[in-house]
Amino acid sequence: MIWRTRKYKGPERRLQPRWRPQPLRVLLTLVVTLALGYGIGVLYLITQETRLVFQAGQTLGTARPPFPYEQIDVPRADGARQFGWVMRSTGSDEGTWVLFLHGNAATIAAKVNIAHYSELRNLGVNVLAPEYHGFGGLTGIPTEAVLAADARAAYDYLRTVRKVEPAHIVIYGWSLGSAVAVGLASEVEQAAVILEGAPASLVDISRQRYPLFPIRLLMRNRFESIQKINRIRAPILFLHSPEDAVIPIAEGRRLYDAARGEKTFVEVRGGHVDATTVDTKRFYGAIRTFLARHHLIGTDNLDGATPSPPRPEAESSGLGPR
C-alpha cells in the first residue's frame with residue numbers, strides 16, 4: 001500500500017476563501033464618492049455665491065475723510081434706507097460730479113476709497129459715494145440687481161435733488177463697482193465713464209477659477225459688462241495694471257475692445273489695489289488729462305503736475321458712436 005501524504009494547505013484559516021475586492025464594486029464606490037464630492041462642491045458654490053462674489057462689509061468702519069463731507073440719505077421709491085457721502089471740492093454744487101461706485105470686500109469708508117475721494121477732489125470735482133445694501137451696515141442681501149438699483153438711486157439723487165445735468169456727471173467704477181458702473185452707464189446719460197480694474201465678465205472669471213464646474217449654469221450674479229458696454233456712448237477711460245492678480249488685465253482689454261465709443265486704455269503699476277499709491281502720478285495724471293480733454297475740469301488743473309500720456313497703443317481708438 002502506498003501511503004499518500006496530504007498536501008499541506010497551510011493554517012486552517014486558509015481553508016476559508018479569501019476576500020478579494022471586486023473590480024466592479026471598487027469602481028462603483030469610486031464613482032459614488034466622486035459624485036458625492038462633486039455634488040457637495042456644486043452645493044457649496046450655489047449657497048456661498050453671495051459671500052464669494054460680494055464679500056459684503058458688515059459695518060461701515062471708523063475711517064472718515066480728512067476733509068469736509070456730508071452723509072446723506074438717498075431717497076428711494078421703495079422706501080429702503082440707503083445713504084452715501086457727498087464730498088464737494090468747493091462749497092458749491094456747481095461743476096463736475098463723480099459718482100463713485102466701490103468694489104467688493106469694502107465700504108464707502110474703506111481707506112482705499114477715501115484715498116480716491118481725496119485725489120478726485122484735488123482735481124476739482126465733487127464726489128458722491130453711495131453705499132450698497134448689505135454693505136456698511138445697510139440691511140439686505142447684495143445681488144447684481146440690488147447693486148444696480150442702489151447705483152441708479154444715487155444717480156437719480158444727483159439729477160433730482162442736486163439738479164446736476166448729465167453733461168456734468170462722471171460714472172466711476174472700481175473692481176466690482178466697475179461692472180455696476182457699466183450697467184448704469186448703459187441705461188442713463190453721462191458725460192464720461194472711468195473704469196478701474198474692470199472685469200469683462202465675472203462669470204467668465206469664475207469659470208477660470210472653477211473649471212470643473214458648470215459655472216454659467218450655477219451663477220446668478222454674472223456681471224457680464226461685455227454684453228452692455230457697447231451701449232455706452234460717452235467717452236470711457238480704462239485703468240488697469242498688468243500685475244492685477246484679482247481681475248487679469250486681459251479682462252480689461254477684452255472689455256475695452258468691446259466698447260464702441262471713444263475710449264482710452266492706460267496701464268498702471270501696482271496691481272488691483274495699490275495702483276493709486278504705487279503709480280499715483282500716472283494714475284491720476286491719466287484721469288486729469290481725460291477729464292480736461294472732455295472739458296469736465298479746467299485746464300488749470302493740469303498745472304503743478306505733468307501727467308504721463310497714455311502709451312501709444314492705449315490711445316483713444318478714434319471711433320465715434322455707431
Side-chain angles (χ1 to χ4, degrees), residues 49-57 61 63 84 98-117 119-120 127-136 142-144 146-148 150-151 154 170-186 193-209 219 221-226 228-229 232 236-256 258-259 265-280 283-284 286-287:
E49 180 180 334
T50 299
R51 185 180 64 83
L52 293 172
V53 172
F54 298 99
Q55 301 175 42
V98 171
L99 175 56
F100 186 92
L101 302 169
H102 71 75
N104 67 358
T107 69
I108 60 173
K111 291 181 179 179
V112 64
N113 292 329
I114 292 175
H116 277 79
Y117 313 149
E119 293 292 343
L120 290 170
V127 180
L128 168 61
E131 191 57 278
Y132 309 130
H133 281 89
F135 290 75
T143 66
E144 184 173 0
V146 166
L147 267 61
D150 291 341
V170 177
I171 299 176
Y172 189 126
W174 174 49
S175 190
L176 181 68
S178 67
V180 181
V182 169
L184 176 63
S186 70
V193 178
I194 300 175
L195 303 176
E196 177 189 346
S201 168
L202 209 60
V203 70
D204 286 345
I205 293 177
S206 298
R207 286 172 62 192
Q208 295 172 22
R209 292 177 180 170
M219 197 166 178
N221 302 285
R222 300 185 176 191
F223 289 101
E224 296 195 276
S225 299
I226 198 165
K228 305 172 185 177
I229 200 164
I232 300 175
I236 308 175
L237 172 63
F238 294 80
L239 298 163
H240 216 124
S241 172
E243 303 138 22
D244 194 329
V246 178
I247 307 295
I249 193 171
E251 280 289 299
R253 285 284 186 186
R254 206 158 64 97
L255 192 60
Y256 169 82
F265 195 102
V266 177
E267 292 186 7
V268 292
R269 295 179 294 108
H272 192 66
V273 176
D274 299 323
T276 57
T277 54
V278 171
D279 207 2
T280 305
F283 189 96
Y284 289 106
I287 295 176

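Please read all numbers here as calculations on a predicted model, not as lab measurements.
Judged as a side-chain contact (heavy atoms from CB on, under 4.5 Å), and not counting sequence neighbours, the contacts of Ala151 are Leu101, Val180, Leu184. Not counting sequence neighbours, Arg222 has no partner by the side chain to side chain donor-acceptor pair (under 3.5 Å) test. Residues passing the ring-ring contact (aromatic ring centres under 6.0 Å, His included) test with His272, sequence neighbours excluded: Trp174. For His240, the ring-ring contact (aromatic ring centres under 6.0 Å, His included) test picks out no residue, with sequence neighbours left out. Residues satisfying the ring-ring contact (aromatic ring centres under 6.0 Å, His included) criterion with Phe100, sequence neighbours excluded, are His116, Tyr117, Tyr172. Scanning for side-chain contact (heavy atoms from CB on, under 4.5 Å) contacts around Ser186 gives Lys228, Arg231, Ile232, with sequence neighbours left out.
Of the inter-residue distances, the one linking Ile108 atom CD1 with Ile114 atom CD1 reads 8.5 Å to the nearest 0.5 angstrom. Of the inter-residue distances, the one linking Leu176 atom CG with Ser225 atom OG reads 9.0 Å to the nearest 0.5 angstrom.
For the pair Phe238 and Arg253, the minimum side-chain heavy-atom distance is 4.5 Å or more. Counting heavy atoms from C-beta outward, Phe265 and Ile249 have side chains that approach closer than 4.5 Å. Between Thr276 and Glu196, the closest side-chain pair of non-hydrogen atoms falls below 4.5 Å. By the 4.5 Å heavy-atom criterion applied to side chains, Pro130 and Leu99 are counted as neighbours. A 4.5 Å side-chain heavy-atom check between Asp204 and Ile226 finds every atom pair outside the cut-off. Taking 4.5 Å as the limit, every side-chain heavy atom of Glu119 sits out of range of all side-chain heavy atoms of Ile287. Within the 4.5 Å cutoff, side-chain heavy atoms of Val170 are placed close to those of Val98.
Distance alone, capped at 3.5 Å, is enough to place a donor-acceptor pair between the Asp279 side chain and the Arg269 backbone. Of the possible donor and acceptor atoms, one in the side chain of Glu251 sits under 3.5 Å from a partner among the backbone N and O of Ser201. At distances below 3.5 Å, at least one donor-acceptor pair connects side-chain atoms of Asn221 with backbone N or O atoms of Glu144.
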